[in-house]
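Lettering follows sequence order; numbering is per chain, from 1. Any value given below was found using the heavy atoms of this structure, including those in side chains, with hydrogens, waters and symmetry copies removed.
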2 protein chains.
Amino acid sequence: MTRPPLPPDLFDELCPSTLLPFRFGDKWAALVLRCLEGGPRRFSELRVPLHRVTPKVLTQSLRRLERDGLVVRTVHADPKRGVEYALSPLGRSMLEPLAVACAWAAEHWDELLDAREQYTAP
Amino acid sequence: MTRPPLPPDLFDELCPSTLLPFRFGDKWAALVLRCLEGGPRRFSELRVPLHRVTPKVLTQSLRRLERDGLVVRTVHADPKRGVEYALSPLGRSMLEPLAVACAWAAEHWDELLDAREQYTAP
DNA sequence: CTGTATCCAACATGATACTG
DNA sequence: CAGTATCATGTTGGATACAG
C-alpha cells in the first residue's frame, strides 16, 4: 500500500517564484505593513518602531511594496503633511493572512526555539 | 487630530529575525511542506514535483526544515523504505497559515501582476 | 524631513560533477 | 538512492556619508 506518486506538474502554476509574495516580501515588509495598519505614516515615523533599519533599506522595502501595489506613496502639496505611506486596499487585504501567520508564530515560538536549540548539525 | 505615534518598542519582541519563519523559510520550504501533506516522502520523490531544484538546494531546504522542527528525517533499517521525510506535528500545524497565505495569493494574483506591470521605477 | 550614493559582507540559488 | 563538493552568480541587508 503505497501512496500515489506526486504529480510532476504539481507546482507548474504555483511555482516558487509565484510563491514569493507568500514569504511576505523582504525582511521588513511585514513589519511595515503592520505599522501602516492604523493609518498613513511618514518615512521618519516608520523608522521609530523599525529602529534597526537604515534609511536605504527602508526605502528599498517601501519601493517594493509600492511596486506590488500594497502601499501607496503620496507627496502632499502641503509641506505640513510631507510624504505619506498608506496601505492600498490590496495591502489591507494582506493583513489577514499576515495576522494568521503571526498568530501561528506566536503560538509555536517556543517549539521553534527548542527545535533549533536541540538540533545538531549533520 | 493626529494619530498616536508608533511605539518605539513595537517590534522588540516580534523583530524581523523573529519574523523569519513568517516568510516560510527559503524559496522551496513551503512547497516541500505541501508535498509532505499526504504523508512521508523520499528524497527522490520530492524532486519530481520540484523538478527545478538541484539536490544540493533541496538538501539545504530539508535541513533547515528539520532544524526548525517542521520536518522529521528517518533512516529506516529496511532498505526498501530508505530515507523518508515527514511532517512533524509542528510542521503539520503550519499547513494552516500556509493555506491561508496561498488562498490570498491565488485570489489577488492578478492585482499583484497588474501592479508590477504598471509600476515604473522611480 | 526624505531620502541617495558608495561600498561591503552575508546569504540564497543554482549548474556541474562526483561519492558511498 | 541520497546525497556532498566546488564554483559561480545574484540578491539582501547594512554601515556610513552626503544631498535636496
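- In this structure Val48(B) satisfies the side chain to side chain contact (heavy atoms under 4.5 Å, CB included) test together with Pro8(A), sequence neighbours excluded.
- One atom, CG of Leu58(B), and another, C1' of dG3(D), lie 10 Å apart when rounded to the nearest Å.
- Comparing dT2(C), dT13(C), dA2(D) against the side chain of Arg42(A) picks out dT2(C) as the nearest.
- Here dA12(C) presents its P atom at 11 Å from NZ of Lys27(A), a figure rounded to the nearest Å.
- The nearest whole Å value for the distance from the CG atom in Leu50(A) to the C1' atom in dG13(D) is 14 Å.
- Tracing side-chain contacts under 4.5 Å through hydrophobic residues (I, L, V, M, F, W, Y), one never reaches Tyr119(B) starting from Trp109(B); they form parts of separate clusters.
- Of the side-chain N and O atoms in Ser44(B), one or more sit less than 4.0 angstrom from OP1 or OP2 of dA2(D).
- As a whole-Å value, the separation of Leu31(B) CG from dT13(C) C1' is 15 Å.
- A search for side chain to side chain contact (heavy atoms under 4.5 Å, CB included) contacts involving Arg42(A) returns Ser44(A), Glu45(A), Glu84(A), not counting sequence neighbours.
- Legend: residues meeting side chain to side chain donor-acceptor pair (under 3.5 Å) with Arg67(A), ordered by chain and number and at least two apart, are absent.
- No engagement by Arg81(A) is indicated, since no non-hydrogen atom pair under 4.0 Å with the nucleic acid exists.
- Rounded to an integer number of Å, the gap from CG of Asp78(B) to C1' of dA2(D) is 16 Å.
- Val53(A) pairs by the side chain to side chain contact (heavy atoms under 4.5 Å, CB included) definition with Trp28(A), Leu50(A), Val57(A), Leu58(A), not counting sequence neighbours.
- Rounding to whole angstrom units, CG of residue Asp26(B) and P of dT12(D) are separated by 15 Å.
- With values rounded to the nearest 0.5 angstrom, Tyr85(A) atom OH is found 15.0 Å from Arg41(A) atom CZ.
- Under 4.0 angstrom from either OP1 or OP2 of dT13(C) there lies no side-chain N or O belonging to Arg52(B).
- With sequence neighbours excluded, the residues satisfying side chain to side chain contact (heavy atoms under 4.5 Å, CB included) with Pro55(A) are Phe43(A), Arg47(A).
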In B/S/- notation (B base, S sugar-phosphate only, - none; protein heavy atoms under 4.0 Å), nucleotides 3-9 of chain C written 5' to 3' is BBBB---
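- If you measure from atom CD of Gln60(B) to atom C1' of dT13(C), you get 8 Å, rounded to the nearest angstrom.
- In this entry the distance linking NZ of Lys80(A) with C1' of dC1(C) reads 13 Å, nearest Å.
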Without placing hydrogens or testing angles, list every side-chain donor-acceptor pair under 3.5 Å for residues 92-99 of chain B, not counting sequence neighbours.
| residue | atom | partner | partner atom | Å |
| --- | --- | --- | --- | --- |
| Ser93(B) | OG | Trp104(A) | NE1 | 2.9 |
| Ser93(B) | OG | Leu90(B) | O | 2.6 |

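- Using five terminal pairs a side, the axes of the helix from dC1(C)-dG20(D) to dG20(C)-dC1(D) at its two ends make an angle of 50°, given in steps of 10 degrees.
- Residues passing the side chain to side chain donor-acceptor pair (under 3.5 Å) test with Glu37(B): none are found, sequence neighbours excluded.
- Taking only side-chain atoms of Val57(A), from C-beta outward, the nucleotide of dG14(C), dT13(C), dG14(D) with the closest atom is dG14(D).
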